[in-house]
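I have placed the structure first, in the form of structure tokens, so that the comments after it can refer back to it.
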Amino acid sequence: MSVRDPAALQAAAAALADDLAAAATPLLGVALAPVLLPNERREAAHDPRRVRPGLLALATEARTFVLDCPYLPDLRPLAPVLAGPRPPYVVFPDAHFYLTVLARLGLAPPRLGCTRTAALLLAEGTLARDDELEFHNLVERYLKRPFPARWKQGQIALFDGREYLDWDRGAVLAHTAGRATELLRAMTHDHLRPRGMSRAFELECKLLPAVVAMESAGVAVDGARFAAVADGWRREREATADPERQAQLDKLITSYANWPRDYIEKDGRMRPHLDPLGTDSGRFACSRPNLQQVPSEYKAPGLRACFRAAPGHTLVIADYAQIELRVAAHLAPCAALREVFRAGRDPHRATAATLARKPEAEVTPHERKLAKAINFGFLFGMGAERFRDYAQTHYDLALDLAAAERAREAFFSTFPGIAAWHRRVGAMSPREDNFVRTTLGRRKRFPAGHFSFNAALNIPVQGTAAEGFKKAMTALHPALAELGGRGVLCVHDEYLAEVPETHAEAARTLVQQTMQAAMAEVVPSVPIAVDSRVAPSWAE
DNA sequence: ATGGTAGATAGC
DNA sequence: GAATGCTATCTACCAT
């Protein structure tokens, strides 16, 4: 049987549906993931409907299963998404998502050899060469074990915790139905809860409908205007003789100029792929295109103005103010930094005042600029030497090494709680296994010999901020819908929503307050500030 | 030809 | 004692 044999795949789909129904658990319910193999992604860019009709048929079966499953009330909001203009290409319940969650939570890879979906397809001989590679990677990635050399197409390698076993298709169905249920159930109760990870896992599960809806919504882009901006880059590239400027323009042209052609869909919207479990820290990964790296107004004037609201709508744009400093003040903990925020003071002025030995009110703009670099640079363990580079390239400040050392000392004497936190993390033994955690329990493991001081400082802060943001996204998904609005993009600490013009102000208030309240749940000891605005485009 | 990686650079 | 971190994407380069 091959992928080009729809009838056989229909039969496989029916068998899979039976299998899933027999093995259904709440966990399998949340293990819902858009799955599209890399070679298919390229084809799908041209015509989603043409890609692997067999797999789409499979997805249809699975979709029915998912939406009818009594265990899955939280996933029912997905129904309109699946019926919408850009349903996920292939959606079916399998263990992939679940395995990803566990991996990102820092759990040992589960003792389940393969996803049942992949196993079934493999058994049916439906996987093309690239698919096999993908499956191979999946198994290696999650099991961290070499794939057995004796494996060949048509056979199943199932890992039972000690070794790989080969199964024919019948054995797989019989085995995985029972075994998967047993293992997944055991992982919830025996692994997640005692490790304090239930809350992080539940957040990811609740977030999923909001993510899929955001992917489905996409963001409206003015393609003609975008092309005009890109043409401006090309013209300047021809005209300028400055090699530095040429390199900058080359980066812009090669990285962004083709976005309208490659990514604007027929309805004028870009729909990037969001991966809420794509990073160690818990932040989102975004790709094809990565709208989290659209150049700023400073780097590429006029570009962000191409990202707009649909007619009759407006954008609501909100972002957290100094979120990493606030989270660090909470986690460290640092009484001095907390007090700065509680009193409504400016943390950059506080550092500048220490350095210049004068009251905060007398700090000059230049002193404040230096202090901003200091606060951001030294927070996560940067050294004085590296700070010189950083201040030069990012803030256009020239310092000698002695000045950089003084800056470092000023930072730590202004915020002694931060200094104590750095000492604590610095005392962790690099020769042993170490873990750091976010507020909700997501953890990052540093295997013995692979400890990173800086990552151990950064990840809990970045990750806790991401958790507060994800909570906000989860809450905003249904709340915005009541106003006829929807989230269209998230950029780490910034949220973009598209709302009817008639409800712009109500939506702005809703977004700002929801974001503040959600972050306050994970960062209770420091006030949270969110800046928000109503604008026709991302640039304004 | 294709695959994997290092380095630069865009964002936060 | 010292040590920014997390990404995606592009080009250049080396290996198969």
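A note on names: the letters A, B, ... follow the listed sequences, proteins ahead of strands, and every chain is numbered from 1. The basis for the numbers below is simple: all heavy atoms, side chains too, and nothing from hydrogens, waters or symmetry mates. The structure displayed is predicted, hence computed values, not measured ones.
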Tell me which of A/H492 and A/F451 sits closer to the 5' end of DNA chain C, going by the nucleotide each one is nearest to. A/F451
ring-ring contact (aromatic ring centres under 6.0 Å, His included) evaluation trace for A/F284 with A/F469: CA-CA 10 Å; A/F284 279 80; A/F469 189 48; 7.1 Å; no
Nearest to the A/S287 side chain among C/dG5, C/dT9, B/dC12, which nucleotide is it? C/dT9
Considering every strand and a 4.0 Å limit on heavy-atom distances, what is the contact class for A/V461: base, sugar-phosphate, or nothing? nothing
May I have the distance from A/Q293 (atom CD) to B/dT9 (atom C1'), rounded to whole angstrom? 9 Å
Nucleotide B/dA8, atom P - distance to CG of A/L252 in whole Å: 18 Å
Quick check on C/dT4: is either OP1 or OP2 less than 4.0 Å from any side-chain nitrogen or oxygen of A/N458? no
Can you tell me which residue among A/V316, A/V511, A/V488 is in a side-chain contact (heavy atoms from CB on, under 4.5 Å) with A/L496? A/V488
Closest to the A/N290 side chain: C/dT9, C/dG5, C/dT4? C/dT9
Over how many whole Å does the gap from A/F307 atom CZ to B/dG11 atom P extend? 13 Å
Name the nucleic acid region contacted by A/R423, choosing base, sugar-phosphate or nothing; use a 4.0 angstrom heavy-atom cut-off, strictly under. nothing
Sticking with atom P, work out how far C/dT4 lies from B/dA8, rounded to a whole angstrom. 16 Å
Has A/S281 got a side-chain N or O lying under 4.0 Å from the OP1 or OP2 atom of C/dG5? no
Lys/Arg N to Asp/Glu carboxylate O, A/E498 vs A/R486, below 4.0 Å: yes
Whole angstroms only, please: what is the CG-P distance between A/L249 and C/dC10? 17 Å
Run the side chain to side chain contact (heavy atoms under 4.5 Å, CB included) test on A/V327 and A/L331 for me, step by step, so that the C-alpha distance in whole Å, both residues' side-chain angles and the decisive distance to 0.1 Å come before the verdict. CA-CA 6 Å; A/V327 175; A/L331 290 181; 3.8 Å; yes
Can you identify which nucleotide, out of C/dG5, C/dC10, B/dC12, has its nearest atom closest to the A/T254 side chain? C/dC10
Scan A/Y256 against the nucleic acid and name what it touches under 4.0 Å (heavy atoms): base, sugar-phosphate only, or nothing. sugar-phosphate
Any chance the side chains of A/T509 and A/Q512 put a donor and an acceptor closer than 3.5 Å? no
Picking from B/dT9, C/dA8, B/dC12, the nucleotide nearest the side-chain atoms of A/D493 would be B/dC12
If you assign A/E385 and A/W259 each to the DNA chain C nucleotide with the nearest heavy atom, which residue ends up on the more 5' nucleotide? A/E385
Distance test, side-chain N/O of A/K299 to OP1/OP2 of B/dG11, below 4.0 Å: yes
Using whole Å, report how far CD1 of A/I323 lies from C1' of C/dC6. 16 Å
Just N and O in the side chain of A/R283: are any of them under 4.0 Å from OP1 or OP2 of C/dC6? no
Within this structure, what is the OH-to-C1' distance between A/Y390 and B/dC12, rounded to whole angstrom? 11 Å
When rounded to whole Å, the CD1 to P distance for the pair A/I253 and C/dT11 reads 11 Å
Is any side-chain N of the basic residue among A/D231 and A/R234 closer than 4.0 Å to the acidic one's carboxylate O? yes
Rounded to the nearest Å, what distance is computed from the CZ atom of residue A/R424 to the C1' atom of nucleotide C/dA3? 17 Å
Would you say whether A/F380 stacks on C/dG5? The test is a distance between ring centres of less than 5.5 Å and an angle between planes of less than 30°. no
